[in-house]
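In what follows, chains carry the letters A, B, and so on, assigned in the order in which the sequence lines appear, proteins first and then strands, with residues in each chain numbered from 1. This is a predicted model, so every value here is computed, not measured.
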Amino acid sequence: MTVRVRFPPSPTGELHVGNIRTALFNWLFARHHGGTFILRIEDTDQTRNVPGAIESIMESLLWLGLDWDEGPDPDDPSRDVGEYGPYVQSRRLDHYRRATIDLLQADRAYLCFCSPERLEELRKDQQRRKQPPKYDRRCRDLADGQRKELDARGITPVVRFKTPMAGETSFHDLIRGDVVFENETLDDFVVLKSDGYPVYHLAHLVDDHLMKVTHVLRGDELLSSTPRHILLHEALGWEPPALAHLPMILGPDKAKLSKRHGDTSVLEFRERGFMPEALLNFLGLLGWSLDDRTEIIDRDTFIKHFTIDRIVKNPAMFNFEKLSWMNGIYIRGLSYEDLADHVRPFLEREIGPVDRDYLVRIVPLIQERIKLMSEAVEMAGFFFLDDDLDYPLADLLGRRFADAPAEAAGALEAVLSAVRDLARWDAATLEEAVRPLADGLGLKSGDLFGLIRVAITGRTAAPPLFQTMAVLGRERTVGRIEHAVARLQSTSAK
RNA sequence: GCCCCCGUCGUCUAGUUGGCCUAGGACGCCACCCUUUCAAGGUGGAAAUCGCGGGUUCGAAUCCCGCCGGGGGCACCA
């Protein structure tokens with residue numbers, strides 16, 4: 001039997017990291033077993049569908065490198081790839097209708113004419129009395145006459161499943177073991193809505209069956225609705241797939257991670273400068289581990305070793321700090337060319353067109369100083385400015401020159417004359433020319449370097465000084481030091 | 001309220017059938033080294049009475065029972 005798994009998002013918005021972790025585990029499981037990974041769109045709630053969501057979901061998956069073997073065509077979601085389509089539920093209504101009719105004919109389901117208002121009232125009343133909110137089965141045993149009368153009034157009924165009122169329903173979960181529910185704690189849930197669309201419980205199960213899904217790896221929040229699915233399978237005479245309920249991903253408040261927790265959409269991670277390899281690595285370790293020490297794991301290694309028995313049961317908090325650290329590791333593993341290409345869009349968004357060759361020379365200076373691509377703007381922006389730098393005078397003076405702006409100006413002038421006409425403009429030559437100056441000026445080299453650093457970068461924390469000067473070029477370096485001297489002289493004159 | 005799931009350093013986790021665990025690794029934190037700043041890197045450290053209480057056993061994080069805590073579900077949402 002070849003493994004077939006699916007990832008079934010609803011097109012209600014962007015994919016967030018919790019959901020894509022589920023997608024990742026399914027994808028890894030499929031790839032590990034040489035099976036099939038299916039993308040299916042669950043759009044049976046007509047009121048919640050968001051235009052463009054399908055495209056955005058596909059983009060998220062593909063960015064992370066999670067490709068599907070069957071599902072909507074990435075180039076044209078209105079078309080399908082695979083022989084079990086359509087892969088969008090709104091185009092599979094016949095299947096759900098047929099299953100519903102089967103249920104009705106087998107007397108495992110019934111028409112319910114109760115109004116939403118009545119149900120709402122019922123629920124409120126039950127909550128007030130601290131009772132479990134459950135449908136009271138008023139329509140379960142309607143006489144034919146009553147049914148006809150209600151029908152004649154033009155009420156469109158829903159179809160409810162006839163849940164057994166006694167006994168228990170159990171199933172085996174690949175992660176949690178055997179789980180048992182008392183049927184009396186369940187109620188007669190809706191399978192087909194009055195608008196003719198199926199409810200999730202019915203729809204996903206019909207599709208899984210028709211699409212020959214062998215394993216369902218889904219979030220833990222679905223564990224408590226699983227007995228309904230088992231019951232439905234049984235009523236339809238179908239064999240349920242193997243089940244595995246994945247531990248949830250929590251926000252810092254220990255509640256299930258959601259949009260309430262801020263930047264959790266996958267595409268936002270891309271916007272902030274995370275690499276897909278890093279996010280994949282991080283997500284793969286949320287609830288799964290290779291062994292007792294390995295942290296950096298590439299895609300192929302994940303595929304090679306991914307098995308369900310190494311998935312843990314307990315939920316995991318999403319640790320942004322660790323993800324950032326990991327992203328830094330991946331950044332440092334990039335060649336200068338690749339890093340330049342990664343960083344370029346972030347720079348260009350802020351400061352316009354960037355010369356790639358220049359950038360390739362800059363990138364070694366920031367590679368081990370950034371954890372996010374977006375930080376390149378802050379870290380290396382000064383390389384691209386043509387105007388005079390704008391920075392607080394206090395940064396330039398620092399502690400050493402706080403009360404001695406004239407001395408600072410003098411030091412910088414000494415640097416200028418040592419450097420301005422250098423025959424060669426590279427880091428070694430610059431250092432040779434500047435370092436000896438400190439002694440003559442009666443300064444510690446660190447104080448002198450700090451002064452120059454702020455003058456040419458506008459920052460107190462920056463890449464190594466002489467390499468920075470070398471890459472920045474003679475013209476900008478000299479110009480910025482001159483500007484700093486002028487500022488210092490005008491303040492010391494006061 | 002009812003049902004289900006979960007419970008090892010702040011966080012992610014190792015701990016497969018009880019002994020090699022005086023509980024290992026990683027992020028973060030602290031210190032030192034390197035050093036012109038910031039990083040990166042290196043070394044070391046603090047940090048978990050394995051939720052609590054009872055058992056079983058020569059021996060339990062690992063088995064049993066009870067309790068507590070956290071989370072999830074209980075829609076004509078998925």
pair_partner(B:rG1), Watson-Crick or wobble, both distances < 3.5 Å, evaluates to B:rC74

In whole angstroms, the gap separating P of B:rA26 from CG of A:Asn327 amounts to 20 Å

Nearest to the side chain of A:Leu222, which nucleotide is it out of B:rA78, B:rU36, B:rG25? B:rA78

Quick test of your reading of the model: are A:Arg369 and A:Glu375 salt-bridged, counting only N-O distances below 4.0 Å? no

Aromatic ring proximity A:Phe318/A:Phe320, centre distance under 6.0 Å: yes

Describe the nucleic acid contact of A:Asp291 in one word from base, sugar-phosphate, nothing, applying a heavy-atom distance below 4.0 Å. sugar-phosphate

Any side-chain N or O of A:Thr44 under 4.0 Å from OP1/OP2 of B:rA78? yes

A:Arg332 side-chain N/O to B:rG41 phosphate OP1/OP2 under 4.0 Å: yes

Just so I know, are the side chains of A:Ser194 and A:Val158 near enough to count as touching, which here means a heavy-atom distance under 4.5 Å? yes

Using the C1' atom as the point on both nucleotides, what is the distance between B:rG19 and B:rC27, in whole Å? 32 Å

Have a look at A:Arg48 and say if it touches a base, only the backbone sugar-phosphate, or nothing, with a 4.0 Å heavy-atom cut-off. base

Less than 4.0 angstrom between a side-chain N/O of A:Lys256 and OP1 or OP2 of B:rG73, yes or no? yes

Counting heavy atoms from C-beta on, name the nucleotide in B:rG24, B:rU13, B:rA78 closest to the side chain of A:Ser289. B:rU13

Crowded around A:Arg91 CZ? As in, over 12 foreign heavy atoms under 6.0 Å? yes

What nucleotide, of B:rA26, B:rG10, B:rC77, holds the atom closest to the side chain of A:Asn319? B:rG10

Quick one: which of B:rA39, B:rG15, B:rU36 gets closest to the side chain of A:Arg310? B:rG15

A cation-pi test, strictly: NZ or CZ of A:Arg21 under 6.0 Å from the centre of the six-membered ring of A:Phe25 and no more than 45 degrees from its axis. Yes or no? yes

Taking OP1 and OP2 of B:rC77, is either one under 4.0 Å from a side-chain nitrogen or oxygen of A:Lys193? yes

For A:Arg40, which contact category applies under a 4.0 Å heavy-atom criterion: base, sugar-phosphate, or nothing? nothing

Kindly indicate whether the side chain of A:Met211, heavy atoms from C-beta on, has any atom under 4.5 Å from the side chain of A:Arg92. yes

Between B:rC74 (P) and A:Leu223 (CG): distance, integer Å: 13 Å

What contact category does A:Pro315 fall into here, base, sugar-phosphate, or nothing, at under 4.0 angstrom with non-hydrogen atoms? sugar-phosphate

Are A:Ile481 and A:Val419 side-chain neighbours, meaning at least one heavy-atom pair lies under 4.5 Å? no

Does a side-chain N or O from A:Arg160 land closer than 4.0 Å to OP1 or OP2 of B:rC76, or not? yes

Of the candidate nucleotides B:rC27, B:rC2, B:rC6, which contains the atom at the shortest distance from the side chain of A:Asn314? B:rC6

Rounded to the nearest 0.5 Å, what separates atom CZ in A:Phe29 from atom CG in A:Leu217? 6.0 Å

Please confirm whether the shortest side-chain N or O distance from A:Arg123 to OP1 or OP2 of B:rC76 is below 4.0 Å. yes

Using both distances under 3.5 Å as the test, list the Watson-Crick or G-U wobble partner of B:rA47, or none. none

Rounded to the nearest Å, what distance is computed from the CD atom of residue A:Gln89 to the P atom of nucleotide B:rC77? 13 Å

Mind checking A:Met326 for me? I need base, sugar-phosphate or nothing, with any heavy atom below 4.0 Å counting as a touch. nothing

Reckon A:Glu295 touches a base, only the sugar-phosphate, or nothing at all at heavy-atom distances under 4.0 Å? base

Find the distance A:Asp220:CG to B:rG71:C1' and express it as a whole number of Å. 9 Å

Of all the choices, B:rA78, B:rA26, B:rA14, which nucleotide is nearest to the side chain of A:Trp325 once you look at every atom? B:rA26

How would you label the contact of A:Leu286 with the nucleic acid (heavy atoms, under 4.0 Å): base, sugar-phosphate, or nothing? sugar-phosphate

Rounding to a whole Å, what distance do you find between A:His201:NE2 and B:rA78:P? 8 Å

Separation of A:Leu396 atom CG from B:rU37 atom C1', in whole Å? 14 Å

Does the gap between the ring centers of A:His204 and A:His229 come in under 6.0 Å? yes

N/O (side chain, A:Lys313) to phosphate O (OP1/OP2, B:rC6) under 4.0 Å: yes

Using purine N1 to pyrimidine N3 plus N6-O4 or O6-N4 for Watson-Crick, or N1-O2 and O6-N3 for G-U wobble, both under 3.5 Å, which nucleotide pairs with B:rU16? none

Give a yes/no answer on whether the side chain of A:Arg293 brings an N or O atom under 4.0 Å of OP1 or OP2 in B:rC12. no

Both A:Glu368 and A:Leu285 contact RNA chain B. Taking the nearest nucleotide for each, which residue is further toward the 5' end? A:Leu285

pair_partner(B:rC68), Watson-Crick or wobble, both distances < 3.5 Å, evaluates to B:rG7

For A:Ser194, which contact category applies under a 4.0 Å heavy-atom criterion: base, sugar-phosphate, or nothing? base

State whether A:Lys371 places a side-chain N or O below 4.0 Å from either non-bridging phosphate oxygen (OP1 or OP2) of B:rC38. no

With a non-hydrogen cut-off below 4.0 angstrom, is A:Ala316 in contact with a base, only sugar-phosphate, or nothing? sugar-phosphate

Side chain of A:Lys130 only, heavy atoms from C-beta on: which candidate in B:rU36, B:rG1, B:rC12 is closest? B:rG1

Once you round it to whole Å, what is the distance between P of B:rA14 and CH2 of A:Trp288? 10 Å

A:Tyr200 atom OH is separated from B:rG73 atom P, nearest whole Å, by 12 Å

May I ask you to verify if any side-chain N or O of A:Arg459 is less than 4.0 angstrom from the OP1 or OP2 atom of B:rC38? no

Touch class at under 4.0 angstrom, heavy-atom based, for A:Val454 against every strand present: nothing

Taking any strand in view, what nucleotide pairs with B:rU37 in a Watson-Crick or G-U wobble way, both distances under 3.5 Å? none

Pick the closest RNA chain B nucleotide for A:Gly287 and for A:Cys112 by heavy atoms, then say which residue is nearer the 5' end. A:Gly287

Students often get this wrong, so: under 4.0 angstrom with heavy atoms, is A:Val158 touching a base, only sugar-phosphate, or nothing? base

Ignoring hydrogens and angles, are the base of B:rC38 and the side chain of A:Arg369 linked by a donor-acceptor pair under 3.5 Å? yes

